[in-house]
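Below is one structure, written out as structure tokens; the observations come after it.
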Amino acid sequence: MKMESTRTLLIRPFIHCNESLSGFLYRVSKMNNYRFSYLINFMNLSIYKAQNNEIQFETLQQLADLILIKSDSITEKNGYNLQRFFGSELYLKIIMKNKMKYCPICIQENYYYHTEWCFMPIHLCIKHNVLLIDKCPECGHKINLGAFTNRRCEICSFNYENTVSGDVIDNLIFIESQQQLTINLWKKECYVIPNCNFEQYVRLAYYSLHLLIGAVDYTAMTTEKLTFFYNRSMGEKSGYKLANAFANVYWMYLDFPKHFYIVLDNFLSRNKGKHRYERLKAFEIIFDNQDFSWVQEAYNAYFIKQVDEGNVRKDFSVFKRNPNLLADRRKVRREEVRQNTGIAYEKLHELDDNHELQIEMKYIHGQQRYLVEKTTLDVYLKNRQCLISKKEVGLIIGVTPDSVQNIVNAGYITPIRVANSPKVLFQIDEVNKLMQDCLGKYTEEISPSMIKFHNVLSKYAKCAFTILEIVALTYSGHLRPYRGSENQTLAENYYDEVQIKTCLEMLKRKRQYEKGLFFNDVMKKLKIGEKRLWRILREQEIDADFTLVMKDGRKRYYFKEETVNKISRCAKLLEGLS
């Protein structure tokens, strides 16, 4: 039968609002007694495009002219331009190619091919709550549009109108999942689940399937483990399995993040090694899209908790993707602490015993794991960074370690022992404060009458003018040092000699009050010689009130006022007797 380009079809049926364009083309050709290939050749369509709704505007206009309808009456619900409507990536994932499925009750009510039946994740008629049929009920052969239009299986001639529908589905999660998919199929802005419209939800679902491979059926639709990927040897593309997988995805995000965490727990328990890494990596691709930041936040929080509990390591995939997440964990593995800080295990447990650290021991997979509380570790490391040795204190102040010890003994800086360590450390802030308090005022010109720090010590060593006296007199304001260098150590200080001599007199009076007069001062005060004074002390058995033994073995004797008065009375008495 020949068709002219200007003719219309003799029989021009109306297209149903949800009828697939491909199904309509088959129906039109059959009603007009044309071979399907003849009609699509006339419209310059390939068999592939004709069977899969891939019809361009020019072809659509040609079809409209043939059946005398307005082209704008055909919409996405008829399958027109689905690729543009959903986008190429999503379109390829969800559209069935070269085969179809149907509702056995719907075709008894009105026999035509519904557009929503071409979507892989949709496998339930939400009008009748029965599963769609995607194989010949008699021989199991796949159904194509030609056979469906002829209403008979091309292998066994089974009449599809005689299909007995299965039991009505009563699984609420499965039904609700399929309802949300079907109802929101054409509504771009309506949400299937909170935060996700149809396009976003389907995209999220396909990535989430990587977490569900081999999982239990959380919807209890089946007792079998979930299998839905078909790109395996002898694998089979099953709309029912995919629809059930989508129902599990729906359940996973329905009570978010509670159900999401249940899925992740189960995922970690059944996946090890390569499978765990590859499947998580495949799921995490979804985080490249900012629309799913809410999922990423829950996902990150979950694995921060897992690393805190010692179930995963710091080199886990999520932390490789975003190393900054490790800053939010609360616990650190003991071996990681040793690796990063150099602190031995024995020392870590010693710190734990002394409450410097908090270490928790857990059994994970039959093995002992030690987890260090990160807060206590951070505090310890911060404090340790602030602690320096006696040698370092000497370098900052500009004196020898022995002099540092004298400063410590005098109480100007406080010694610290970490745990039971024999090594004494000091707070760097305390040392720096001492340094700043005693540091000379910077000046470009130093007066010739000024004496440098170490020269003061050597020149007045015989007067017991030590670093301690310099520090004390600087704090009291009796000494006002200067420095001509930018270096900030006491060794760079200069002191006025007049101030030093004044301080020496003051120290002398103070010592006399506290310890007494020197031996020579007693001689001068009583105006007696050294031999006579020694003879009086021996004969009258008078002891010095204080004896200072110097480093070279020499001794210095101090006599308080009462003792001096006693010596004076004895001297006068001996003088009278003579």
(message) Ring-plane angle category for Tyr253 and Trp294, please: parallel below 30°, perpendicular beyond 60°, tilted otherwise.
(response)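 Because their plane-to-plane angle is over 60°, the rings of Tyr253 and Trp294 count as perpendicular.
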(request) Assign the ring pair Trp117 / Tyr113 to parallel, tilted or perpendicular, where the plane angle (0 to 90°) is split at 30° and 60°. (result)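 Plane angle between 30° and 60°, so tilted.
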(request) Provide the full list of salt bridge (Lys or Arg N to Asp or Glu O under 4.0 Å) pairs with a residue in residues 280-303, sequence neighbours left out, each pair given once. (result)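 Sorted result for residues 280-303: Asp288-Arg321.
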(request) Would you list the pairs meeting salt bridge (Lys or Arg N to Asp or Glu O under 4.0 Å) in which at least one residue belongs to residues 119-133, sequence neighbours left out? (result)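 Listed once each, the pairs are Glu109-Lys127.
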Is there a donor-acceptor contact under 3.5 Å from the side chain of [X] to the main chain of [Y]?
| X | Y | result |
| --- | --- | --- |
| Asn184 | Glu199 | no |
| Tyr412 | Asn406 | no |
| Arg483 | Glu492 | no |
| Asn171 | Thr219 | yes |
| Asn266 | Ile262 | no |
| Arg333 | Val307 | no |
| Asn354 | Glu350 | yes |

(message) Just to verify, what does Asp308 make a salt bridge (Lys or Arg N to Asp or Glu O under 4.0 Å) with, not counting sequence neighbours?
(response)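 By the salt bridge (Lys or Arg N to Asp or Glu O under 4.0 Å) rule, Asp308 matches Arg330.
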(message) Applying salt bridge (Lys or Arg N to Asp or Glu O under 4.0 Å), can you list everything that pairs with Lys225, at least two apart in sequence or on another chain?
(response)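 Salt bridge (Lys or Arg N to Asp or Glu O under 4.0 Å) check on Lys225 returns nothing, list empty.
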Evaluate the side-chain proximity of [Y] to [X]: yes if any heavy-atom separation is below 4.5 Å, no if none is.
| X | Y | result |
| --- | --- | --- |
| Arg203 | Asn289 | yes |
| Tyr299 | Phe260 | yes |
| Asp265 | Gln306 | yes |
| Pro137 | Val164 | no |
| Leu280 | Val318 | no |

Heavy-atom pair with the smallest gap, counting every atom of [X] and [Y]:
| X | Y | result |
| --- | --- | --- |
| Phe86 | Leu90 | O-CB, 3.6 Å |
| Ile396 | Val431 | CG2-CG1, 3.9 Å |
| Ala327 | Lys374 | O-NZ, 3.8 Å |
| Val424 | Pro415 | CG1-CB, 3.4 Å |
| Thr163 | Gln108 | O-NE2, 3.5 Å |
| Leu145 | Ser22 | CD1-CB, 3.4 Å |

[X] atom [atom1]: more than 12 heavy-atom contacts under 6.0 Å:
| X | atom1 | value |
| --- | --- | --- |
| Asn110 | CG | yes |
| Lys77 | NZ | no |
| Tyr277 | OH | no |
| Gln368 | CD | yes |

(message) Among His275, His210, Arg276, exactly one meets side chain to side chain contact (heavy atoms under 4.5 Å, CB included) together with Phe267. Which residue is that?
(response)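 Between Phe267 and the candidates, side chain to side chain contact (heavy atoms under 4.5 Å, CB included) is satisfied uniquely by Arg276.
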(message) Using the side chain to side chain contact (heavy atoms under 4.5 Å, CB included) definition, which of the options Asp167, Val168, Leu124 pairs with Leu131?
(response)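 By the side chain to side chain contact (heavy atoms under 4.5 Å, CB included) criterion, Leu131 pairs with just one of Asp167, Val168, Leu124: Leu124.
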(message) Pair Ile359, Arg334 - check side-chain contact (heavy atoms from CB on, under 4.5 Å), show working.
(response) CA-CA 8 Å; Ile359 301 177; Arg334 183 182 64 169; 5.6 Å; no
(request) For Arg313 and Glu336, run salt bridge (Lys or Arg N to Asp or Glu O under 4.0 Å): C-alpha distance rounded to whole Å, both residues' side-chain angles, the deciding distance at 0.1 Å, then the answer. (result) CA-CA 10 Å; Arg313 303 175 68 90; Glu336 183 184 341; over 6 Å; no
(message) Test: side chain to side chain donor-acceptor pair (under 3.5 Å). Region: residues 391-403. Which pairs qualify, not counting sequence neighbours?
(response)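 Matches after skipping sequence neighbours: Ser389-Glu392, Thr400-Ser403.
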(message) To the nearest 0.5 Å, what is the distance between OG1 on Thr474 and CG on Leu434?
(response)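 Spacing of OG1 (Thr474) from CG (Leu434) equals 9.5 Å.
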(request) Evaluate the criterion side-chain contact (heavy atoms from CB on, under 4.5 Å) for residue pair Ser317 and Phe303; output intermediate values, then yes/no. (result) CA-CA 10 Å; Ser317 60; Phe303 280 106; over 6 Å; no
(message) Testing Trp251, Phe119, Tyr206, Tyr240 one by one against Phe246 for a ring pair (Phe, Tyr, Trp, His ring centres under 6.0 Å), which residue passes?
(response)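 Exactly one pass, corresponding to Tyr206.
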(request) Quickly, which of Phe148, Tyr102, Tyr160 forms a ring pair (Phe, Tyr, Trp, His ring centres under 6.0 Å) with Tyr111? Name it, please. (result)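 The residue from Phe148, Tyr102, Tyr160 that satisfies ring pair (Phe, Tyr, Trp, His ring centres under 6.0 Å) with Tyr111 turns out to be Phe148.
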(message) Using side-chain contact (heavy atoms from CB on, under 4.5 Å), reason through Val192 and Val202 one step at a time and then give a plain yes or no.
(response) CA-CA 9 Å; Val192 178; Val202 173; over 6 Å; no
(request) Check side chain to side chain contact (heavy atoms under 4.5 Å, CB included) between Asp134 and all other residues, then give those that pass, not counting sequence neighbours. (result)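 Here the qualifying residues are Lys101, His123.
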(message) Tell me whether Asp437 is salt-bridged to Lys433, with the criterion being a basic N under 4.0 Å from an acidic carboxylate O.
(response)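 A salt bridge links Asp437 with Lys433.
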(message) Does Tyr261 form a ring pair (Phe, Tyr, Trp, His ring centres under 6.0 Å) with His259? I'd like the steps, not just the answer.
(response) CA-CA 5 Å; Tyr261 289 160; His259 290 176; over 10 Å; no
Side chains of [X] and [Y]: do they bring a donor and an acceptor to under 3.5 Å?
| X | Y | result |
| --- | --- | --- |
| Gln427 | Asp429 | no |
| Asp217 | Asn244 | yes |
| Gln405 | Asn409 | yes |

(message) Centre-to-centre under 6.0 Å for Tyr207 and Phe292, is that the case here?
(response)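 No; Phe292 has its ring centre 6.0 Å or more from that of Tyr207.
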(request) Could you walk me through whether Thr115 and Trp186 pass side-chain contact (heavy atoms from CB on, under 4.5 Å), step by step? (result) CA-CA 11 Å; Thr115 307; Trp186 311 111; 4.0 Å; yes
